[in-house]
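Keep in mind it's a predicted model, so treat the numbers as computed, not measured. Chain A is the first sequence line, chain B the second, and so forth, proteins listed ahead of strands; every chain is numbered from 1.
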Amino acid sequence: MNESNINFYQNIYDLVQLIPRGRVTTYGAIANYLGAKQSSRVVGWALNQCHTQKMKIPAHRVVNRLGLLSGKAHFTPPELMQQLLEQEGIVVENDKIQNFDKVFWNPILEL
DNA sequence: CTCTTGACTGGTT
DNA sequence: GAACCAGCCAAGA
């Protein structure tokens with residue numbers, strides 16, 4: 001763990017919190033924005049550890065590239081992720097986000 | 001140190 | 001569209 005690693009993790013948490021309400025992004029987009037597009041799995045790992053963070057992380061706004069709620073199983077209860085998304089106006093059907101291209105938020109383009 | 005696992009992605013079949 | 005494979009990297013046993 002060097003400084004860049006810590007910064008990388010911190011950037012992930014900060015960026016996730018910047019996701020606008022009613023929008024979502026992908027692990028790859030986050031990794032790409034942080035200059036590590038090949039490390040999308042690490043983004044997933046960071047979110048897996050996000051519950052250990054003191055800050056609130058809207059991890060439900062992060063899905064995989066297909067718009068699938070791949071991380072729903074890590075929520076308590078698992079249904080929470082979809083509920084939060086629908087609560088923000090995002091249509092989810094069969095664990096998959098509908099109109100994904102419409103709600104997708106690209107940090108590289110938006111920031 | 002080695003090996004496995006995983007909230008991933010891109011390409012191929 | 002689904003299924004499979006290969007590359008990727010950090011953490012834990």
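Rounded to an integer number of Å, the gap from L68(A) CG to dC8(B) P is 10 Å. In this structure, CZ of F8(A) is placed 16 Å from P of dC8(C), rounded to the nearest angstrom. Between N32(A) atom CG and dC9(C) atom C1' there is a gap of 16 Å when expressed in whole angstrom units. dT9(B) atom C1' lies 9 Å from atom CG of L66(A), rounded to whole Å. In this structure, I12(A) atom CD1 and dA7(B) atom C1' are separated by 11 Å, rounded to whole Å. Taking atom CG of L34(A) as the reference point, atom P of dC8(B) lies 17 Å away to the nearest angstrom. In this structure, CG of L47(A) is placed 10 Å from P of dC8(B), rounded to the nearest angstrom. Here the C1' atom of nucleotide dA6(C) and the CZ atom of R41(A) are 11 Å apart, to the nearest Å.
Other residues, nucleotides and ligands place more than 12 heavy atoms under 6.0 Å from the NZ atom of K96(A).
In this structure, W45(A) and Y9(A) have side chains that are in contact, with non-hydrogen atoms separated by less than 4.5 Å. For the pair L69(A)/I97(A), a side-chain contact is recorded, criterion being any heavy-atom separation below 4.5 Å from C-beta on. Looking at V24(A) and V62(A), their side chains never come closer than 4.5 Å, going by heavy atoms from C-beta outward.
Within the 4.0 angstrom heavy-atom criterion, base atoms lie near N48(A). At a threshold of 4.0 angstrom between heavy atoms, the contacts of A46(A) with the nucleic acid are absent.
Distances from the side chain of W45(A) to the nucleotides dA7(B), dA11(C), dC9(C) place dA11(C) closest. The side chain of Q38(A) lies closest to dC8(C), out of dA10(C), dA7(B), dC8(C). Of all nucleotides listed (dA10(C), dT9(B), dA7(B)), dT9(B) comes nearest to the side chain of R65(A).
Nearer to the 5' terminus of DNA chain C, by closest-nucleotide assignment, is the contact made by S39(A) (compared with the other of S39(A) and Q49(A)).
Among R61(A), R21(A), R23(A), the single residue meeting the salt bridge (charged side-chain N to carboxylate O under 4.0 Å, His left out) criterion with E88(A) is R61(A).
Between dC8(B) and T26(A), no contact under 4.0 Å exists linking OP1 or OP2 to a side-chain N or O. The shortest distance between the side-chain N/O atoms of Y9(A) and the OP1/OP2 oxygens of dA11(C) is below 4.0 Å.
Residue S40(A) places a side-chain atom within donor-acceptor reach of the base of dC8(B), judged by atom type and a 3.5 Å distance cut-off alone.
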